[in-house]
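The next block holds one structure in the form of structure tokens; read it before the comments.
Throughout, protein chains are lettered first and strands after them, A, B, ... in sequence-line order, and every chain is numbered starting at 1.
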Number of protein chains: 4
Amino acid sequence: MATVHSPELLIVMAPGSTGDEADHVVARLQEAGVDARVSVGREATVIAATGDRELLATLPLEGYPGVAQVMPILKPYKLVAREVSADPTVIEVDGRRVGDTWFGLIAGPCSVETREQTLETARAVAAAGATMLRGGAFKPRTSPYTFQGLGVDALELLEEAKAETGLPIVTELMDPRHVEDVLDHADVIQIGARNSQNFLLLAEVGRAHKPVLLKRGLSTSVEELLMAAEYIAKEGNERIILCERGIKTFETSTRFTLDLGAVAVLKHETHLPVIVDPSHAAGRRDLVLPLARAAVAVGADGLIVETHPRPEEALSDASQQIPTAEFAAFADEVREVVSLMGKELG
Amino acid sequence: MATVHSPELLIVMAPGSTGDEADHVVARLQEAGVDARVSVGREATVIAATGDRELLATLPLEGYPGVAQVMPILKPYKLVAREVSADPTVIEVDGRRVGDTWFGLIAGPCSVETREQTLETARAVAAAGATMLRGGAFKPRTSPYTFQGLGVDALELLEEAKAETGLPIVTELMDPRHVEDVLDHADVIQIGARNSQNFLLLAEVGRAHKPVLLKRGLSTSVEELLMAAEYIAKEGNERIILCERGIKTFETSTRFTLDLGAVAVLKHETHLPVIVDPSHAAGRRDLVLPLARAAVAVGADGLIVETHPRPEEALSDASQQIPTAEFAAFADEVREVVSLMGKELG
Amino acid sequence: MATVHSPELLIVMAPGSTGDEADHVVARLQEAGVDARVSVGREATVIAATGDRELLATLPLEGYPGVAQVMPILKPYKLVAREVSADPTVIEVDGRRVGDTWFGLIAGPCSVETREQTLETARAVAAAGATMLRGGAFKPRTSPYTFQGLGVDALELLEEAKAETGLPIVTELMDPRHVEDVLDHADVIQIGARNSQNFLLLAEVGRAHKPVLLKRGLSTSVEELLMAAEYIAKEGNERIILCERGIKTFETSTRFTLDLGAVAVLKHETHLPVIVDPSHAAGRRDLVLPLARAAVAVGADGLIVETHPRPEEALSDASQQIPTAEFAAFADEVREVVSLMGKELG
Amino acid sequence: MATVHSPELLIVMAPGSTGDEADHVVARLQEAGVDARVSVGREATVIAATGDRELLATLPLEGYPGVAQVMPILKPYKLVAREVSADPTVIEVDGRRVGDTWFGLIAGPCSVETREQTLETARAVAAAGATMLRGGAFKPRTSPYTFQGLGVDALELLEEAKAETGLPIVTELMDPRHVEDVLDHADVIQIGARNSQNFLLLAEVGRAHKPVLLKRGLSTSVEELLMAAEYIAKEGNERIILCERGIKTFETSTRFTLDLGAVAVLKHETHLPVIVDPSHAAGRRDLVLPLARAAVAVGADGLIVETHPRPEEALSDASQQIPTAEFAAFADEVREVVSLMGKELG
């Protein structure tokens, strides 16, 4: 039994590859200052590369002749990994907290439509115990024929709602040209599912001094989501809340497939708080409460939920918004599961 | 505003189709005794067909010239639909109940391996409050090089465990040649995920006089699962428990993606009880408890969970089985959420 | 047999819904100037709404009490639909053509890395018969630790390559702040897979006077891709080339699953040219030729392929780039299938 | 640079695992006669296990405390791997060949419905150059309300068609109780997509002395398909034809997503012939020809296609069957691509 340093990468050579090809890989690794160790087996030749991770990431090993597979032994993210921090991260915004034993209940309309709708919703969710107010200002939509959001006016309405209720504002940034506007008005900057791997937006919020709510993309794996968070963290901003909101699968009875297993995995993999958006996953109002309860029970650190005073008049996502009049009852049901999990609203 | 009978099917003609093609469809429908009503619009011609559903199902309308799309207005299942039964179905087996306010906690080893392992597990899960005992007798596996199950000997060991603990036995039927053996020994016949649309097995259990636990397939939609249940019910056996156990998606951090949204949808669509298998979805032990809790919270009527006295010696699915010694603690955690949902172990 | 106007939408009421709920839907539709027609059936009530499509799109019908399902009868896109144009659209750029019998062969490096690499590649692909030159200037990447592109310097190198070879330049726009730079230097503006539904970028290129190469997103359906194209067209720019490049599925033996069935469907649904990117779908060099041949054979109007003089030194996507020295042989193989399909390089 | 034997498996220990846990894994491996080699790195401990593959497959390593991941270095299949056979396998049946330069064109109705339909189809496809006749005898269907096949009578009609045309018969086996009947009448035994991982049927055909046409399941990965083939081969029957027929994804514009990238991968991984079923993937007639052409161009060794004299009267899959009258034109188009690929009908 021999003991040696553990490799960062294993390079498996293809069955028909030659010794010269393996030597060539080793030579390139050594030139780059990486330690290389070859195992020639009966059936496969494996090269173990030990060295600096960032250096290794710059070497296009998959492109070398004879290479069949490059297998990383270590996770490709560091700053957001659980190993970095023994304690779960708590994100605090204006006295509200998300993470560890603090549960965040973020609620509000899909889109900010009018002053009345915004203030009415804000008052109702504040009264029901919500900890932050969400609202969409820019709503680019799948169809070019539908409502596209109020823009900066919406940000101002949200700020007015905050002045009245004290709830910090969560809103989405989708255009790098809006960075200043959004940073001026919002307390938590949301990166939406369709921008989950938009690296230029990730870099912008990575340089911001406000927390980021990063939604998982429709086809983003758990590992890719953590890499996106790493991207933000590497720019200097480690105040990140991850958000599961459903992935695209063959199943069509819900709009997306809410992946609560991913939440359980994320709670193992990262110290960052993880919340769930049951509204977008469900796509229909009557599934929001059961999915919200399940999200709390799986260990999520919060929820982000859509509510509207008169959903049937909503200009976007009408079918999934909870009537504001029913939000207090919703919050009560959620709170019971939150208590059972040993947490409280933050 | 006119009022007419509601159609079962809409047949949308393709943009370039001719009036003759629409007439041809109508003629065929009328020949078959189905009422046909044509709407000629600016852009699309739509034929509404009203008649007997089983009759309509035999007409290959998609194959007719000029037909673009056939859209069913009604759900393709009847016997299992919620509309049929105002009350949720309760399945009772030897005094144990699943459905409505009765929660089923089914536990046991992935495979029956030895007498000692089976009895030890049965005693432990019975003591912890489980309501039924599961155990695999036939274990065809992905790799031809691994353990394939004890077969009929396993069924006898399960029966011995039942004699001692009183727990009804749930075991899988996968070969129509084993129907008699399995019916002789088991109390609930499981149809596994890979046989979820194996219509010949469905027909067999549809003629049996024992309840069926029907697992959702890896790529089976909610509607297809309900059609599979309809298949069983139509043969005469309406004692069916549906089971969500994870679907195949692009995500690889869990073995399958547990689709709890599907459970919430099923609770709306059918009067049948719906349970969840968190073990197979997770593929790893540490995720079983959070997923089990989430399953209860979303409204599931039960759980089916794998446990083994010494998982590291298990001959199949070692990594996902809970050590039997920890099962009582697991059951206690689950029971808390069951109570919160206003249910009790059945 | 009655004949009436054809509806745009069917609104199916939920089984337990009341007549008042149906009346409420009808009243709202009529207020909005839409014709509504109710069919009350034995099992379902269906409301047919006939009126202006854009008007109907603004009504949040899914949010109305008692509504089970809203089914559009007509396709949600118009300008890009095949019905609009009897003839296939041909996109012409500096004398090069894509569409109808003209096949576009777009080739070049994944990323522009150096002047030498760019010119060497441009000369080779021009000599081999390529019709346009591709090259990435901005390369935001999944990992924050890897090469991110040369930016505007890359655009200038591409322009130099064009001056020498005459090949029009295809490059990706990913930041709205780069619109002017990219429009100044490029001939065809690519919208990448991760921005396939980034509606603010779509709006920008919709107002541009250069053709757009719109890639399908990793989880974008054929209908969503056509809606994204409609979004561009609606802003005034109808010179759009669609591009299939693989979708995310459970299969991992290729990086993405190339969906050539989607190409066949698109050729039916739209008059726009449809090309295929076999390089990103495959993720490995040895699959690029077979997938390219299949793409031509299924009826694609072009290919976009990555090639690099020394793939093993490439700073991105090393494993999927064809060595430039082998590109002429690749082009010859492709050309044979192009001829068989009755087309020629444009 | 050290040279040692290459491992079969790497066992990566979890970040917080202890030295004792690693020692425990090593001890268990050594007890089992497997060589174990530990690398203790800065961040991860990796144990390399070198020994007999079948022995290693029986050890439940994922279940051991502290184990994070078990990574196989070698492919899990042997007999079907390309490395085993330098030459591609050619399957010969009654003088007809599939594999290498021989292209198989298998055609016939979805279901055998009547004597007239069967003979008429067989004559037409034989005249058009098809090399084998397909036809379904047992047709269990998603809906219990539709046609279920003629059973043994269908097998006899197929045999009559063979007597007249000389075309070998391909038909599906789906019930182990039909093994004898099917073996008595058919020349090639088809295992359908829904039974792709039905290991008891795979074992049955593994012991048969007739070639097997193994379809890929709707959610079966390329590796799982090869393992299913290995399962058959291990029982003694190595005359296996693999068949890609579309997988289940989020895309709904085709019935399934035809994965031609998988065909290209399979041609690298295995010496077995690989054919494609464009009919089931498309689900609509007008896409069958483009997908068939693409399948030939990607390198498939054959096609299996559905055709019916009067598709609109077909009792199953009406919308995807090519009218028999158009089959000769279809075959001519296919033959052109076959020639281009340097092959001929077998």
Side-chain angles (χ1 to χ4, degrees), chain C residues 75 216-226 244 246-269 274 276 278 280-284 286-300 333-342, chain D residues 75 216-226 244 246-269 274 276 278 280-284 286-300 333-342:
Chain C
K75 304 267 168 64
R216 181 184 187 186
L218 287 63
S219 57
T220 302
S221 70
V222 165
E223 186 173 301
E224 288 168 337
L225 177 62
L226 287 167
E244 159 62 26
I247 57 173
K248 200 125 173 210
T249 73
F250 66 81
E251 178 57 53
T252 56
S253 69
T254 45
R255 196 190 290 169
F256 298 101
T257 299
L258 191 66
D259 182 6
L260 293 180
V263 176
V265 171
L266 285 167
K267 295 301 295 171
H268 278 267
E269 292 293 321
V274 182
V276 170
H280 281 90
R284 43 188 265 206
D286 58 349
L287 303 183
V288 174
L289 177 60
L291 289 177
R293 268 197 302 239
V296 184
V298 91
E333 296 260 19
V334 165
R335 216 183 320 244
E336 281 191 47
V337 194
V338 169
S339 293
L340 187 72
M341 297 297 292
Chain D
K75 305 267 169 61
R216 181 184 185 186
L218 288 63
S219 57
T220 302
S221 70
V222 165
E223 187 172 301
E224 288 167 338
L225 176 61
L226 288 167
E244 160 62 26
I247 57 174
K248 199 127 172 208
T249 72
F250 65 82
E251 178 57 52
T252 56
S253 68
T254 44
R255 195 192 290 169
F256 298 101
T257 299
L258 190 67
D259 183 6
L260 293 180
V263 176
V265 170
L266 285 167
K267 295 302 296 173
H268 278 267
E269 293 294 322
V274 182
V276 169
H280 280 90
R284 43 187 264 207
D286 60 350
L287 303 183
V288 174
L289 176 61
L291 289 177
R293 268 198 302 240
V296 184
V298 91
E333 295 261 18
V334 165
R335 216 184 321 246
E336 282 192 45
V337 195
V338 169
S339 293
L340 187 73
M341 298 297 291

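Of the inter-residue distances, the one linking Asp286(D) atom CG with His268(C) atom NE2 reads 3.5 Å to the nearest 0.5 angstrom.
With respect to chain C, the highest number of heavy-atom pairs below 4.5 Å among Ser219(D), Gly299(D), Ala295(D) belongs to Ser219(D). The candidate with the highest count of non-hydrogen atom pairs below 4.5 Å against chain D, out of Gly246(C), Ala300(C), Ser221(C), is Ser221(C).
For Glu336(C), the side-chain contact (heavy atoms from CB on, under 4.5 Å) criterion is met by Leu340(D), not counting sequence neighbours. Qualifying side-chain contact (heavy atoms from CB on, under 4.5 Å) partners for Ala264(D), counting only residues two or more places apart in sequence or in other chains: Leu287(C), Pro290(C), Val298(D).
Residue Leu258(D) touches chain C through its backbone alone, counting heavy-atom pairs closer than 4.5 Å. Proximity to chain C is limited to the side chain of Arg216(D), based on heavy atoms less than 4.5 angstrom apart. With a threshold of 4.5 angstrom between heavy atoms, Lys267(D) does not approach chain C through any atom at all.
Across all their heavy atoms, Leu260(C) and Ala294(D) have their closest contact at CD1-CB, 4.4 Å. In terms of heavy-atom proximity, Ser253(C) sits nearest to Val222(D) at OG-CG2, 3.5 Å.
Residue Glu251(D) forms a side chain to side chain contact (heavy atoms under 4.5 Å, CB included) with just one option from Thr249(C), Thr220(C), Val265(C), Asp259(C), and that option is Asp259(C).
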